[in-house]
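One structure is given below, encoded as structure tokens.
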Amino acid sequence: MPSRTSALEGLRLLCALVSPFSTRESLLADWPAAPPWQALLAQADKHRLIPALHVALARHGLLDRVDPELAELLAAVADWNAERNEGFRRQMRTVSAAFNAAGLEPVWLKGALTLLPPEGPAAGRQMMDLDVWLPRESAQRTAGAVLRGLGYDAEGYEWKDGAHYPPYFHPDEMARIELHRTVLEPDQSALLPPEAAAQGVESLDWDGLRIGRLDPLARALNAFAQCTRPQDHLL
């Protein structure tokens, strides 16, 4: 079907543009005579990659190949996303400080780690929530109490299973906090058992805050697992 072909070509060019392994030379060598911009933007929107698309086009010096009105719109979305991520970063620091005050060292997972640099995610990552894990169940209970003390509320959710507790929401914050029981979903635990993940946690000093992150292999396994779950086929 033509529409399916168009969507595939749009996704193909999008992936090439945002790939960290692409170069300006390789992109220009394969640049289509009539880029499928409409399909590409639809795919970028579906996969939450519009800010990353702008970052990639700017990095490779290809913004002159985009319609000026579209380029202006992409820049505006990228600026909005950068501002949003800065809000996420402030939120992450507030939560980390509160955890530290309670004697906890939070292990931040997935996209939260891209917020550690002051400039935020350089690739233009668009984020929806902040994932945090504490290996011990007693620490998880304390963390939940700390979040509630900060004004977060998980009322209305009854998730008894899964990798994380019901998400915590704050009326004045943008990101929900997903406090993890385990790093991966229970049906994926053989890939990265919690005990193995805990042994490899790396402690960091984040501008005076004590936080942790998984070791490189565990971070890769975490990303791999998320991108291969059947219900997350869009990823």
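Position 1 is the first residue of the sequence, and the numbers go up from there.
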Kindly determine whether His164 and Asp131 satisfy side chain to side chain donor-acceptor pair (under 3.5 Å), including the steps that lead there. CA-CA 9 Å; His164 60 79; Asp131 294 81; 5.5 Å; no

Which pair of heavy atoms, one from [X] and one from [Y], lies closest together, and at what distance?
X	Y	answer
Pro135	Ala198	CB-CB, 3.9 Å
Glu105	Asn100	CA-ND2, 4.3 Å
Leu192	Ala218	CD2-O, 3.8 Å
Arg24	Gly61	NH1-O, 2.8 Å
Ala139	Leu134	CB-CB, 3.9 Å
Leu17	Ala56	O-CB, 3.2 Å

Verify, without hydrogens or angle tests, whether [X] (side chain) and [Y] (backbone) share a donor-acceptor contact under 3.5 angstrom.
X	Y	result
His170	Asp172	yes
Ser189	Glu185	no
Asp79	Glu83	no
Thr94	Arg90	yes
Arg93	Phe88	no
Trp133	Leu179	no
Arg210	Ser203	no
Arg89	Leu116	yes

Could you tell me whether the side chain of [Y] reaches within less than 4.5 Å of the side chain of [X], counting heavy atoms only?
X	Y	result
Trp37	Val66	yes
Leu40	Glu9	no
Leu70	Leu41	yes
Gln140	Tyr165	yes
Leu191	Phe224	yes
Met127	Asn85	yes
Arg65	Leu28	yes
Leu184	Thr182	no

Holding to side-chain hydrogen bond (donor to acceptor under 3.5 Å, both in side chains), I want the full list of residues that pass it with Arg141, two or more places apart in sequence or in another chain. none

Please name all residues satisfying side-chain hydrogen bond (donor to acceptor under 3.5 Å, both in side chains) with Arg219, sequence neighbours left out, ordered by chain then number. none

Test Leu130 against Lys110 for side-chain contact (heavy atoms from CB on, under 4.5 Å), laying out the working first. CA-CA 8 Å; Leu130 294 169; Lys110 301 188 287 187; over 6 Å; no

Does the side-chain contact (heavy atoms from CB on, under 4.5 Å) test come out yes or no for Val132 and His180, once each step is laid out? CA-CA 6 Å; Val132 65; His180 279 242; over 6 Å; no

When rounded to the nearest 0.5 angstrom, what distance separates [atom1] in [X] from [atom2] in [Y]?
X	Y	atom1	atom2	value
Asn222	Leu217	CG	CG	11.0 Å
Ile50	Leu14	CD1	CG	9.5 Å
Leu150	Glu173	CG	CD	9.0 Å
Leu113	Arg125	CG	CZ	9.5 Å
Gln43	Leu11	CD	CG	4.5 Å

Does atom CD of Glu72 have more than 12 heavy-atom neighbours from other groups under 6.0 Å away?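 Not more than 12 within 6.0 Å, no.
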
Does Glu202 CD have over 12 foreign heavy atoms under 6.0 Å away?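 Yes, enclosed.
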
Do Leu115 and Leu147 belong to the same hydrophobic cluster, where Ile, Leu, Val, Met, Phe, Trp and Tyr are linked whenever their side-chain heavy atoms lie under 4.5 Å apart, directly or via other members? yes

Hydrophobic cluster membership, Val55 vs Leu57, 4.5 Å side-chain cutoff: no

Are Ile177 and Asp129 close enough, and set up right, to give a side-chain contact (heavy atoms from CB on, under 4.5 Å), and what steps lead you there? CA-CA 6 Å; Ile177 302 291; Asp129 48 47; over 6 Å; no

Just do the side-chain contact (heavy atoms from CB on, under 4.5 Å) check on Trp108 and Ser96 with the steps written out, would you? CA-CA 9 Å; Trp108 291 99; Ser96 294; 3.0 Å; yes

Taking NZ, NE, NH1 and NH2 as the nitrogens, is one of them in Arg176 or Glu178 under 4.0 Å from a carboxylate oxygen of the other? yes

